[in-house]
Amino acid sequence: MAASPVPGGGGGGGGGGAGAVHSSSTSGFAFDSGLEIRTRSVEQTLLPLVSQITTLINHKDNTKKSDKTLQAIQRVGQAVNLAVGRFVKVGEAIANENWDLKEEINIACIEAKQAGETIAALTDVTKLNHVESSGQITILTDKTGVVQAARLLLSSVTKVLLLADRVVIKQIVTSRNKVLATMERLEKVNSFQEFVQIFSQFGNEMVEFAHLTGDRQNDLKDEKKKASMAVARAVLEKGTMMLLTASKTCLRHPSCDSAHKNKEGVFDRMRVALDKVIEIVTESKPNGETDRSSVSVFTGIKELKLNIEALWENLYFESKENLAAALEVILERVEDFTDSAYTSHEHRERILELSTQARTELQQFISVWMQAQSRKTKSAAEELELTVLRVSHSLNQLRKELHHTAMQLAADLLKFHADHVVLKALKLTGVEGNLEALAEYACKLSEQKEQLVETCRLLRHVSGTEPLEITCIHAEETFQVTGPQIISAAETLTLHPSSKIAKENLDVFCEAWESQISDMATLLREISDVFKGRRGEKYDHLSLPRPMKNNANLKSLKPDKPDSEEQAKIAKLGLKLALLTSDTDCELEKWEDQENEIARHGRNMSRMAYSLYLFTRGEGPLKTSHDLIHFLEGFAAEGLKLTSNVQSFSKQLKDDDKLMLLLEINKLIPLCHQLQTITKTSLQNKVFLKVDKCITKIRSMMALVVQLLSLCYKLLKKVESNRWVSVTKKDIMDGKT
């Protein structure tokens, strides 16, 4: 299967694109998210210092300050001024690159600078002449001035940050528009050569978009928005992979309706994901859109219990109508379980029984509560407390039963489909061109899809947190969309059973399905942990590309936790590598003899490089430090095999062509040896630096492999053409003889 370019890694992806590996496309913006990172860093320096000034001002307010205190105050004042200076420089850089906001940013920067200088002057001991009879210096007699300067500083810093935020939003929106425009061109392309050129540009733009949105995702404080952003970016990442193979299939089989249907589905979902990102960034919602995550049963039960418990302190906090209506809404949502064809009879009966019990207990509570409002005696309060406990217990029992129902259904379903029998059968029927078998297995996959969609809908009700609810919705939508796409891809292959690109396309969609099944298994564990109260840390979103998961994979290593910049760096390099593997596969598509030794080793290197990209996301076959070292040794060895075969081929060439090819080989050989040297160094320290070095080295090697494959293909064609001319001349001469 051809490795495909991917636009984003979690924690802030980014990088260059196909055909322009060494520099990412940032046209239209000189200011990038690095400025935002520096702005945040300066902000984090300023705020504690301002806080420290306040502490020192208020410390022993009515007493004289010692020399030590005076020096401390002066140091803080100077530090604030220096930090303000750095902050102002960043702000001015942003202003110079964004003329529409330049005036506003400059005014805020001037205010910040003035505030910093004022604080430094008011805390400068050398300029003070207030000496008491005891000989001690008194400082901060103008305490009000310092407080006002500190407030002005905070105000101006906030203004700059808000304006910088507008710049970042503008970048993301503009980047999205560029991606959409290129997607439109990709949809209309008619030739393979033109597609390769436009897709190279598309890869650059998607990487830029992934970088910007990754940084934005890291800055989001709202867990729900962060999860939504992760989901949208994951759709774009996998969609880019699908877009490549679906488009190539359409170009290879332009009259095939199923191929066009398959491609249109990919483009449609990517557009929805792009719009979702903008919705999150700009905090806007399309008219009439409802918040699907609010329909969770667990959320409703939690809110109802809080409202009931609040009545202990305030008997008039809620009306009885509101409480009864809230329970009815919950029980209406519970019908998703009782109406489901996949819920067992035992579970259904138990859920109905507990629903009736909850309704009865709430009615009893309302009755006691109404009496307590008028009686207000100790016995009435005790009776109210008892009914509250009963209602709470009945709701907890219902919640527990719903959890067990959804989890058991999901676990059984995943176990039953663990071997992906239907997907394997679809691949086989496609290669055989068996239309009857295709119809049979397409029907089975549709049934499986309906089961998975229904299960995800039930899991959403019991997920327990908003980010996990969003993950369930994403899984539901993925199965809903990917199922028909697999069927259309299988139909294309069945109609064209000898088509390698159609087979590759089906593989990509099947892989997406299998990946979502795997994510769903992890989702079950997380939901279970939340339910049991064992969740002691925040989980990364399941669909979010996880570039530094290799930290967990390297079990024998215990490096310091990487910061967001290190994560972004690794993710960015990984993305560039993924795009290069796509370029390699495009070159290999041209080779008529796929078993040619040069093509075979090039293909092996492409697949190995893609597995390293998956490693940066915490996926794929590489799991431990030993795996990584073994992989690097194998990759270097494969590179040397490729150069050896190219050298053998060069012996068939004329001097000029041979020299040109040997010059390219001589660039790759040293890199292979350097990679072998890197593998010999210990990975016990600075593991992220080592991964960084390895990816950079392999990326350089893959860039050379792309050039070598292109050059070898042209020279091979030239040799074959010359050979044909020679044979023709010989035949002519023999005929004359």
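This is a predicted model, so every value here is computed, not measured.
- A donor-acceptor pair shorter than 3.5 Å can be found between the side chains of Thr299 and Glu469.
- Between Met183 and Leu274, the closest side-chain pair of non-hydrogen atoms falls below 4.5 Å.
- Within the model, atoms CG of Asn106 and CG of Leu163 stand 10.5 Å from one another, a figure rounded to the nearest 0.5 Å.
- When all heavy atoms of Ile94 and Ala164 are compared, the pair lying nearest together is CD1-CB, 3.9 Å.
- Shortest non-hydrogen contact noted between Leu632 and Leu675 is O-CD2, 3.7 Å.
- For the pair Gln516/His474, a side-chain contact is recorded, criterion being any heavy-atom separation below 4.5 Å from C-beta on.
- With Ser611 contributing its side chain and Met608 its backbone, the two residues share a donor-acceptor pair below 3.5 Å.
- Gln197 and Gln201 are not linked by any side-chain donor-acceptor pair at a separation below 3.5 angstrom, with hydrogens and angles left out of the test.
- Using a 4.5 Å heavy-atom threshold, the side chains of Leu186 and Ser247 count as separate.
- Looking only at distances, no side-chain donor or acceptor of Lys224 sits under 3.5 Å from a matching main-chain atom of Glu466.
- No hydrogens or angles considered: a donor-acceptor pair under 3.5 Å links the side chains of Arg269 and Thr478.
- When every heavy atom of Arg185 is checked against every heavy atom of Ile198, the shortest pair comes out as NH2-CG1, 3.6 Å.
- Considering only heavy atoms from C-beta on, Ile119 stays 4.5 Å or farther from Asn81 through its side chain.
- Scanning for ring-ring contact (aromatic ring centres under 6.0 Å, His included) contacts around Phe195 gives Phe199, with sequence neighbours left out.
- Looking at Glu279 and Lys276, a side-chain N of the basic residue comes within less than 4.0 Å of a carboxylate O on the acidic one, giving a salt bridge.
- Look at Arg216 and Asp165 and you find a salt bridge, because one of the NZ, NE, NH1 or NH2 atoms lies within 4.0 Å of a carboxylate O, short of that distance.
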Stepwise, does the side-chain contact (heavy atoms from CB on, under 4.5 Å) test hold for Phe267 with Val272? CA-CA 9 Å; Phe267 277 91; Val272 171; over 6 Å; no

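- For the atom pair CE (Met702) and CD1 (Ile695), the distance works out to 13.5 Å, reported to the nearest 0.5 Å.
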Hey, mind stepping through Met229 and Leu220 against side-chain contact (heavy atoms from CB on, under 4.5 Å) and telling me if it holds? CA-CA 9 Å; Met229 178 72 89; Leu220 289 171; 4.2 Å; yes

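- Residue Leu153 comes nearest to Ala112 through the heavy atom pair CD1-O, 3.9 Å, listed as atom of the first residue, atom of the second, then distance.
- Considering CD1 of Ile172 and CD1 of Ile280, their distance stands at 10.0 Å, rounded to 0.5 Å.
- In this structure a side-chain-to-backbone donor-acceptor pair under 3.5 Å is present from Ser156 to Leu152.
- Summarising the geometry, atom CG belonging to Asp215 is positioned 10.0 Å from atom CD belonging to Gln217; distances are rounded to the nearest 0.5 Å.
- Phe209 places none of its side-chain heavy atoms less than 4.5 Å from the side chain of Arg233.
- Of all the heavy atoms in Ala609 and Leu577, the pair that sits closest is O-CD2, 3.4 Å.
- You'll find the side chain of Arg166 stays beyond 4.5 Å of the side chain of Leu162, heavy atoms only.
- Interatomic distance, CD of Gln171 versus OG1 of Thr213, reported as 11.5 Å (0.5 Å rounding).
- Within the 4.5 Å cutoff, the side chain of Thr471 has no heavy atoms near those of the Ser463 side chain.
- Listed for the Lys238 side chain is no donor-acceptor partner under 3.5 Å among the backbone atoms of Leu236.
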May I have the step-by-step check of salt bridge (charged side-chain N to carboxylate O under 4.0 Å, His left out) for Arg271 and Glu187, ending in yes or no? CA-CA 12 Å; Arg271 286 195 181 93; Glu187 274 190 294; 2.2 Å; yes

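- Electrostatic pairing of Glu208 and Lys178 counts as a salt bridge here, judged by a charged N lying under 4.0 Å from a carboxylate O.
- Under a 3.5 Å cut-off, the side chain of Asp222 and the backbone N or O of Lys225 do form a donor-acceptor pair.
- For the 3.5 Å distance criterion, the side chains of Asn98 and Lys170 qualify, holding a donor opposite an acceptor.
- Expressed to the nearest 0.5 Å, how far CD of Glu205 lies from CG of Asn177 amounts to 10.5 Å.
- Considering all non-hydrogen atoms of both residues, Gly91 and Ile105 come closest at O-CG2, 3.2 Å.
- Looking at residues two or more places apart in sequence or on another chain, you find a salt bridge (charged side-chain N to carboxylate O under 4.0 Å, His left out) between Glu111 and Lys159.
- Side-chain contact between Val266 and Met270 is present, with heavy atoms from C-beta onward closer than 4.5 Å.
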One pair to check against side-chain contact (heavy atoms from CB on, under 4.5 Å): Ile169 and Thr282. What are the steps and the verdict? CA-CA 7 Å; Ile169 292 172; Thr282 59; 4.0 Å; yes

